[in-house]
Amino acid sequence: MDFSDRILSWYAQNKRDLPWRKTRDPYNVWLSEIIMQQTRVAQGLPYYLRFIERFPEVADLARASEEEVLKTWQGLGYYSRARNLHATAQRVATDYQGTFPATYKELMDLKGVGPYTAAAIGSICFDLLTPVVDGNVYRVLSRYFGVELPVNSGEGSRYIADLAGQVMSKESPGNYNQALMEFGALQCIPRNPDCLACPLSDSCVALAKKKVSQLPVKLPKKAVRKRYFNYFMPVDPDFQTLLIKRKDKGIWRGLYEFPLLESELELPDEKAEAQILEGVFTQLNEPLKFVKCNPIPLVHKLSHQHLFVTFRILYLGHGLRGGVPITKMQSYPVPIPIANFMETVKNSYF
DNA sequence: AACGCGGGGGC
DNA sequence: GCCCCAGCGTT
């Protein structure tokens, strides 16, 4: 048996029972692929089920508001995926009358659909001979064929992509693509793979050269940035607060948050208090009659940033214009640390 | 080609 | 603490 046959044979015996594998409907496959980008199955699965329940067909997703889509996406991260998901649902509903295009080129033209996702949808739904190249494929192929080029370099990624095309099964490309990824996810795992139990162990270059733990080679990534987010949650006499939509590019675009003062350096507590009071004054454009601060610090770690976050509850002596009732604040799409804070304080006596 | 973009889980 | 995850869009 050659490489692809052994991968397919392994897959037939070891594949997980996942809901998006029960259909070839492009809507379901597309939705699952977008959700699963840079996301583990355990994390993405409940979101997939929720989206399908809430938006059974592409027309349902197209009709929804962006807020509703973002709210359903809340907690999954990489929120541009949600905005692009919504835009593409509307494009398919209108430009394609609800039927997904069946060519690689047209799929690539959809927002949020890149080389990986177009190849996945094309092969799974339309039997296109398009090899997928994701993190699993980089790992499996670099090990089995002993590729020592950095996979996150231009030359390395081109090499792996070319290799993927050469070794792919021409019989059932969709099944084969999923098989190769599943093999990487369950058998050829990043750390301490069980090579003794691997059906490819007799011909794996990395295993023969004792380089399994060193492959794939990756160029070092940039150091994480530290940022300091000082939030204040105003509470007025009518138990209203203020939520502001993040509009500029960058983290959490499109989500809501409390009024924020960001500093590049950690502020001494007294200085933070003073700046926050001044910030309240300028942002609300009104004087405060009564203020009480209760800083609640936490660290929110992302892959590329460490956020040092504080929350302060500010009791106002006057009513807020454009305020949000505290009982309604949890219906807005918000970042995880905001959602956690809301959950903590929702039953507080304001 | 390099960079920014989330959140969670495994070790 | 570090690495990884069914990558993509922007610059």
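Numbers restart at 1 for each chain; the letters A, B, ... are given by sequence-line order, proteins then strands.
Between A/W73 atom CH2 and B/dG8 atom P the separation is 14 Å, expressed in whole Å. With rounding to whole Å, A/Q178 atom CD is found 13 Å from C/dA6 atom P. Taking atom CG of A/D109 as the reference point, atom P of C/dC8 lies 14 Å away to the nearest angstrom. What separates CD1 of A/I35 from P of C/dC8 is a distance of 15 Å, to the nearest Å. Atoms CG (A/L219) and P (B/dA2) sit 7 Å apart, rounded to a whole Å. Rounding to whole angstrom units, CH2 of residue A/W30 and P of C/dG7 are separated by 17 Å. A/Y176 places its OH atom 16 Å from the P atom of C/dA6, with the value rounded to the nearest Å. For A/Q37 and B/dG4, the CD to C1' distance is 15 Å, given to the nearest whole Å.
Taking only side-chain nitrogens and oxygens, A/K301 never comes nearer than 4.0 Å to OP1 or OP2 of B/dG9. For A/Q38 and C/dC5, the shortest distance from a side-chain N or O to OP1 or OP2 is not below 4.0 Å. Contact annotation: A/R158 reaches the phosphate of B/dA1 (side-chain N/O to OP1 or OP2, under 4.0 Å). At C/dC4, none of the side-chain N or O atoms of A/S303 fall inside 4.0 Å of OP1 or OP2 (strictly under the cut-off). For B/dG6, the OP1/OP2 oxygens have no side-chain nitrogen or oxygen of A/H300 closer than 4.0 Å. Taking 4.0 angstrom as the limit, A/Q305 places none of its side-chain polar atoms (N or O) nearer than this to OP1 or OP2 of B/dG4. Between A/K222 and B/dG4 there is a side-chain N or O to OP1 or OP2 distance below 4.0 Å. For the OP1/OP2 pair of B/dG7 and a distance below 4.0 Å, the side-chain nitrogens and oxygens of A/W252 include at least one atom meeting the criterion. Contact between the side-chain N/O atoms of A/K249 and the OP1/OP2 oxygens of C/dG9 is not found at any separation under 4.0 Å. Distances shorter than 4.0 Å separate some side-chain N or O of A/Y79 from OP1 or OP2 on B/dG7. Between A/H304 and B/dC5, a side-chain N or O to OP1/OP2 separation shorter than 4.0 Å is present.
Within a 6.0 Å sphere centred on NZ of A/K245, heavy atoms belonging to other residues, nucleotides or ligands number more than 12. More than 12 non-hydrogen atoms from other residues, nucleotides or ligands lie less than 6.0 angstrom from CZ of A/F145. Within a 6.0 Å sphere centred on CD of A/Q166, other residues, nucleotides and ligands contribute more than 12 heavy atoms. Surrounding NZ of A/K105 are at most 12 heavy atoms belonging to other residues, nucleotides or ligands under 6.0 Å away.
Screening A/L215, A/I160, A/V147 against A/L141 for a side-chain contact (heavy atoms from CB on, under 4.5 Å) leaves a single residue, A/I160. Of the candidates A/F308, A/F341, A/F311, A/Y231 forms a ring-ring contact (aromatic ring centres under 6.0 Å, His included) with just one, namely A/F311. Of the listed residues (A/W10, A/Y144, A/Y11), just one forms a ring-ring contact (aromatic ring centres under 6.0 Å, His included) with A/F183, and that residue is A/W10. Checking A/L314, A/L320, A/L242 one by one against A/D236, the side-chain contact (heavy atoms from CB on, under 4.5 Å) holds for a single residue, A/L320.
Nearest-nucleotide mapping onto DNA chain C: of A/H306 and A/A185, the residue sitting toward the 5' end is A/H306. Where A/K111 and A/V41 meet DNA chain C, the nucleotide closest to each residue was compared, and A/V41 sits on the side nearer the 5' end. Taking for each of A/N192 and A/T39 the nucleotide of DNA chain B with the nearest heavy atom, the 5'-most of the two is the partner of A/T39.
A distance of about 15 Å separates the P atoms of B/dG6 and C/dT11, rounded to the whole Å. Across B/dG8 and C/dG9, the matching C1' atoms stand 23 Å from one another, rounded to whole Å. On the P atoms, B/dG10 is 13 Å away from C/dA6, given to the nearest whole Å.
Residue contacts shown for A/R81 include a base, since a base heavy atom lies under 4.0 Å away. Among the heavy atoms of the strands lying under 4.0 Å from A/G250 are primed sugar atoms or P, OP1, OP2 only; no base atom is included. Heavy atoms of A/W20 sit under 4.0 angstrom from at least one base atom. Contacts of A/T117 with the nucleic acid, taken as non-hydrogen atoms under 4.0 Å apart, involve only primed sugar atoms and P, OP1 or OP2. If you check every strand for non-hydrogen atoms under 4.0 Å, A/G75 touches sugar and phosphate atoms only. Base engagement by A/L76 is indicated by at least one non-hydrogen atom pair under 4.0 Å involving a base atom. Among the heavy atoms of the strands, none lies under 4.0 Å from A/V137. Nucleic acid contact class of A/N84 (heavy atoms, under 4.0 Å, all strands): sugar-phosphate only. A/S80 comes within 4.0 angstrom of nothing in the nucleic acid, heavy atoms only.
Of the candidate nucleotides C/dC4, C/dG7, B/dC5, C/dC4 has the atom nearest to the side chain of A/R139. Distances were taken from every side-chain heavy atom of A/Y116 (C-beta onward) to each of B/dG7, C/dC4, C/dC8; the shortest belongs to C/dC8. Taking only side-chain atoms of A/E33, from C-beta outward, the nucleotide of C/dC4, C/dA6, B/dG8 with the closest atom is C/dA6. For A/P115, taking side-chain heavy atoms from C-beta onward, the closest of the listed nucleotides C/dC8, C/dA6, C/dC4 is C/dC8.
The base of B/dC5 has none of its N or O atoms less than 3.5 Å from a complementary donor or acceptor on the side chain of A/R253. Between the side chain of A/Y78 and the base of B/dG6, at least one donor-acceptor pair of N or O atoms lies under 3.5 Å.
Between A/K22 and A/D17 a salt bridge is recorded (basic side-chain N to carboxylate O distance below 4.0 Å).
The partner of C/dC5 is B/dG7, judged by Watson-Crick or G-U wobble contacts that both fall below 3.5 Å.
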